[in-house]
Visitor: 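Quick one: the structure is below, questions incoming.
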Amino acid sequence: MAHTAKNLWPAFMERENFKRALKEASSGKRFRTEVLKYAARQEENIQATRALLQSGQWRPGHYRNFYVHEPKKRLISAPCFRDRVVHHAIVQIIEPLFERRFISHSYACRKGKGTHAASQRMTAMLREQDGQGYALKADISRYFPSINHAVLLNAIGRVIGDRRMLALIGNLVTGGELECGLPIGALTSQLFANVYLDRLDHYVKDGLGVQYYVRYMDDFIILHRDKKELWRLLGLIETFLAGELHLRLNPKTAVFSLCQGVDFVGYRHWPQSKKPRRRNVQRAKKRFAGLTRLYHRGGVDQATVRSIVASFVGYMRHCNGYRSLLSALERLVLISPADAEFHSDD
């Protein structure tokens, strides 16, 4: 514990830290009812939260649960807004302590990283390998629900030595509605999920000496010219995950030739090109066809359609997918045949 960070509580409890946390938690959500109610009495609300934290009486509230279906069905558990402010206040203080320990090629939920940076790293790795060799593609099975609380808190305790901060984090991790795992939808869960797999990162890079490794949350890729070496590494990694982190890999984990391309963070990668994931294009086609029907029934406005299209175009801008983009956009027809005939007469 000699090198752990101590005396964090005073900085965490500063009013300015909570004001910054409120601003961050409100970003993009300022006109939601719960945000407006909190902001209307923000000084009182911040003071009440700080008082509960100072006395040790603060407890996380209930999460709002809902499902999202892209890219696959997932249960999202979002904390109430009062708690989101606390989550941001915690992360603002402790994230820099972990960030300096993370490897450079872990890309999820980190400032200056993200999917496009991970994709660029994937392409660079393939070019350095001249597209020769093999890839080990793996992901953790049911990652967020499988995170062991005791293992996580032990990892956090290796960095943080402030007893009050540790007690608050412990309360946040174990005092909710889950006996195991972390709720997808909380800001602290994103940080803690990276903290948990940081041990895997260092095991692979420092312990096994792997050169070509990249991770985006629970998905990771290793490149090597020798297929047998990748299978050997896979066995060691599976043993490490099971023994140290109580995790297991998805059965779809595989070793394959680089000539097939590497599917990672939404794109298919080769040394000199990058294409959109096929299922993403097919999903866009279905969605645009559905939007066409919905628009002509008055169920969606142009602003909403424009936002959805802009998101897909933004995704496609980062790859070689012009024909796929046109093919998907052909499914979106916002002018009725009668209107089209009217405009042609003009």
Side-chain angles (χ1 to χ4, degrees), residues 28-29 66-76 107-109 113-127 131 135 137-139 184-185 214-221 250 252 254 256-346:
K29 308 177 181 69
F66 58 95
Y67 285 95
V68 297
H69 296 270
E70 291 195 21
K72 59 185 178 181
K73 184 178 180 180
R74 293 184 300 166
L75 174 64
I76 304 297
Y107 287 91
C109 306
K113 302 288 186 176
T115 56
H116 297 306
S119 176
Q120 290 170 3
R121 173 57 184 163
M122 184 74 254
T123 299
M125 287 167 47
L126 288 168
R127 288 176 179 171
K137 185 178 189 298
D139 67 272
I184 301 176
V214 60
R215 178 174 68 83
Y216 189 89
M217 196 48 74
D218 58 329
D219 294 337
F220 63 89
I221 305 282
N250 190 306
K252 294 181 179 180
F256 54 88
S257 172
L258 294 182
C259 66
Q260 300 177 29
V262 180
D263 189 336
F264 186 56
V265 293
Y267 299 99
R268 294 179 292 146
H269 299 79
W270 287 268
Q272 303 303 328
S273 67
K274 181 167 58 176
K275 296 182 179 180
R277 187 177 280 167
R278 289 190 184 95
R279 64 174 175 267
N280 288 353
V281 176
Q282 293 301 318
R283 187 181 297 119
K285 288 180 178 180
K286 291 181 180 178
R287 190 172 194 186
F288 290 166
L291 277 174
T292 295
R293 294 190 295 269
L294 197 59
Y295 177 79
H296 289 298
R297 292 201 302 264
V300 64
D301 59 20
Q302 284 191 10
T304 301
V305 173
R306 191 180 299 113
S307 175
I308 294 171
V309 171
S311 176
F312 182 66
V313 171
Y315 161 73
M316 297 294 287
R317 283 178 57 193
H318 295 275
C319 64
N320 309 105
Y322 183 70
R323 291 182 180 179
S324 297
L325 174 61
L326 292 182
S327 176
L329 291 176
E330 285 175 356
R331 306 296 181 95
L332 188 65
V333 182
L334 301 187
I335 299 179
S336 67
D339 290 337
E341 183 176 347
F342 174 79
H343 286 296
S344 66
D345 290 340
D346 290 345

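Nothing fancy with the numbering, it's 1 onward along the sequence. These numbers come from the heavy atoms of this one structure, side chains and all, not from hydrogens, waters or symmetry mates. Just so you know, these numbers come straight off a predicted model, no measurement behind them.
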Visitor: Kindly write out the residues that satisfy side chain to side chain contact (heavy atoms under 4.5 Å, CB included) with Arg278, not counting sequence neighbours, or none if the list is empty.
Guide: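 For Arg278, the residues satisfying side chain to side chain contact (heavy atoms under 4.5 Å, CB included) (neighbours in sequence not counted) are Arg268.
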Visitor: For Met122 and Val262, work out which heavy atoms get closest and say how close.
Guide: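 Closest pair (atom of Met122, atom of Val262, distance): SD-CG1, 3.9 Å.
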Visitor: If you look only at distance, which donor and acceptor atoms sit under 3.5 Å apart when one is on a side chain in residues 305-316 and the other is two or more places apart or in another chain?
Guide:
residue: Tyr315; atom: OH; partner: Gly266; partner atom: O; Å: 2.5
residue: Tyr315; atom: OH; partner: Arg277; partner atom: N; Å: 3.0
residue: Tyr315; atom: OH; partner: Asn280; partner atom: ND2; Å: 3.0

Visitor: Once you round to the nearest 0.5 Å, how far does CZ of Phe288 lie from CZ of Arg293?
Guide: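 Atom-to-atom, Phe288:CZ and Arg293:CZ are 13.5 Å apart.
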Visitor: Has the side chain of His318 got a donor or acceptor atom that lies under 3.5 Å from a matching backbone atom of Lys274?
Guide: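 Not at all, since once roles are kept as given, no pair shorter than 3.5 Å links the two residues.
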Visitor: Would one find more than 12 heavy atoms of other residues, nucleotides or ligands at under 6.0 Å from atom CZ of Arg317?
Guide: no
Visitor: Report yes if the side chains of Trp270 and Lys275 come closer than 4.5 Å at any heavy-atom pair, otherwise no.
Guide: yes
Visitor: Between Asp263 and Lys137, which heavy-atom pair has the shortest distance, and what is it?
Guide: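 Minimum heavy-atom contact is O-CE, 2.5 Å.
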Visitor: To the nearest 0.5 Å, what is the distance between OG1 (Thr292) and CG (Leu332)?
Guide: 4.5 Å
Visitor: Gln302 vs Tyr295, test: side-chain contact (heavy atoms from CB on, under 4.5 Å). Steps then yes/no.
Guide: CA-CA 8 Å; Gln302 284 191 10; Tyr295 177 79; 3.0 Å; yes
Visitor: On a heavy-atom basis, which atom in Gly321 and which in Pro276 lie closest, and how many Å separate them?
Guide: CA-CD, 4.1 Å
Visitor: What heavy-atom pair brings Tyr216 and Gly114 nearest, and what distance separates the two atoms?
Guide: CE1-C, 3.7 Å
Visitor: Considering all heavy atoms of both residues, which atom of Arg121 and which atom of Tyr107 are nearest to each other, and what is their separation?
Guide: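 Looks like CB-OH, 3.2 Å.
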Visitor: So for atom NZ, which belongs to Lys286, do other residues, nucleotides or ligands contribute more than 12 heavy atoms lying within a distance under 6.0 Å?
Guide: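 Open.
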Visitor: Pick out which of Asp219, Val265, Ile221 makes a side-chain contact (heavy atoms from CB on, under 4.5 Å) with Val214.
Guide: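 Exactly one pass, corresponding to Ile221.
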Visitor: Give the minimum heavy-atom separation between Phe256 and Gly261, together with the two atoms involved.
Guide: CE1-O, 3.4 Å
Visitor: With no hydrogens and no angle check, is any side-chain donor or acceptor of Thr123 less than 3.5 Å from a backbone partner on His269?
Guide: no
Visitor: Considering residues at least two apart in sequence or located in another chain, which fulfil the side-chain hydrogen bond (donor to acceptor under 3.5 Å, both in side chains) criterion with Ser327?
Guide: Lys285
